[in-house]
Amino acid sequence: MRKITIAIDGFSSCGKSTMAKDLAREIGYIYIDSGAMYRAVTLYCIENGLLHNGQIDVEKLRNEIDNLHITFRPNAETNRPDTYLNGMNVESKIRTMEVSSHVSPVAALDFVREAMVKQQQEMGRKKGIVMDGRDIGTTVFPDAELKIFVTASPEIRAQRRYDELKAKGQAVDFDEILENVKQRDYIDQHREVSPLRKADDALLLDNSHLTIEQQKEWLAEQFARVA
Ligand code: C5P
């Protein structure tokens, strides 16, 4: 069977990673969470003094961005890939609220996007890949054979994120998460470089009222139609 490229874009915390990961595992494709790459750059900024009171040291980051290498390796325990920054496993460190609250301005920087898109395109050179993010169908893989744009209401997305973080034992506040979801939506949609938008040829999926099972079924049908 021919291998294709699958681009899954959408708003934050809309469940796109879950559906992308599950599909990739079922069809034997590579799965790449492009948001994890922007989160890893943000973590680097936090840990190396490039972020002070919400201000990014843009010039310093510009000089250092080519030295940030982000890779993914399978984790046998979770059955999902972990994110590595320059060889260090940063999977849990990139999922905190601190990283979530700084990631969108970092991801809006043109040179950060350029560096990440280059690494993402290299990962997908041989096809057989499912990548999720904000600009995969529009910028990273404009020729992807299957493009999906996922959305759900901000309240539903915030609730899902709240449940997820709480299950991991993190102290979380629903209103803070809802505010973060709305803020990231705004920055992601209004930035100059590759703003979040549905590609013209992407299929729209509003999963506000779908169970994970129903969503998986829908995605499997779309894959079967194209592959
Ligand atoms: O997908 P996730 O919510 O983990 O992504 C974190 C942030 O990274 C998003 O809020 C967005 O600002 C940025 N991002 C992006 N382009 C992508 C993926 C994520 O700008 N392709």
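Just the heavy atoms: all of them, side chains too, but no hydrogens, waters or symmetry mates, feed the values below. When a ligand or atom number is given, it counts from 1 through the structure's own listing order.
In terms of polar-atom proximity, S104 is counted as a contact of ligand 1, with an N or O under 3.5 Å from an N or O of the ligand. Polar contact check, S13 against ligand 1: no nitrogen or oxygen pair lies under 3.5 Å apart. For ligand 1, the polar-atom distance check finds no N/O of R95 at less than 3.5 Å from any of the ligand's N/O atoms. Annotation: S12 places no N or O atom under 3.5 Å from an N or O atom of ligand 1; distance criterion only.
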Chi angles and distances behind the salt bridge (Lys or Arg N to Asp or Glu O under 4.0 Å) call for D33, R95: CA-CA 12 Å; D33 169 2; R95 307 289 169 192; 3.0 Å; yes
Report the C-alpha distance between E122 and R125 in whole Å, list the side-chain angles of each, state the deciding distance to 0.1 Å, and finish with yes or no for side-chain contact (heavy atoms from CB on, under 4.5 Å). CA-CA 5 Å; E122 183 54 32; R125 211 163 36 86; 3.0 Å; yes
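Contact atoms of ligand 1 toward D135: 16 (N), 17 (C), 21 (N) (distance under 4.0 Å to a heavy atom of the residue). Near Y38, with a cut-off below 4.0 Å to any heavy atom, the atoms of ligand 1 are 8 (O), 14 (N), 15 (C), 16 (N), 17 (C), 18 (C), 19 (C), 21 (N).
The nearest heavy-atom contact from the protein to atom 4 (O) of ligand 1 is R39 NE, 2.7 Å. From the protein, the heavy atom lying nearest to atom 13 (C) of ligand 1 is A107 CB, 3.7 Å. With respect to atom 19 (C) of ligand 1, the closest heavy atom belonging to the protein is G35 CA, 3.5 Å. Closest to atom 12 (O) of ligand 1 among all protein heavy atoms lies D188 OD1, 2.6 Å. Protein heavy atom nearest atom 3 (O) of ligand 1, with residue, atom name and distance: R184 NH1, 2.8 Å. From the protein, the heavy atom lying nearest to atom 18 (C) of ligand 1 is S34 OG, 3.4 Å. When hydrogens are left out, the protein atom nearest atom 17 (C) of ligand 1 is R134 N, 3.4 Å; that is the closest non-hydrogen contact.
Within the 4.0 Å heavy-atom cutoff, R191 counts among the residues contacting ligand 1.
When heavy-atom distances to ligand 1 are checked against a 4.0 Å cut-off, R113 comes that close only through its side chain, counted from C-beta outward.
Minimum heavy-atom separation, I6 to Y29: CD1-CE2, 4.1 Å. Heavy-atom minimum distance, V193 versus R113: O-CD, 3.8 Å. The minimum heavy-atom distance linking D9 with G137 is given by the pair OD2-N, 2.7 Å. I46 approaches H102 most closely through the heavy-atom pair CD1-CD2, 4.2 Å.
There is no path of hydrophobic side-chain contacts, each under 4.5 Å, that joins M97 to Y44.
Side-chain atoms of S101 come within 3.5 Å of backbone atoms of E98 as a donor-acceptor pair (strictly under, hydrogens ignored).
Annotation: cation-pi pair R80/Y31 absent, no NZ/CZ under 6.0 Å from the ring centroid and within 45° of its normal.
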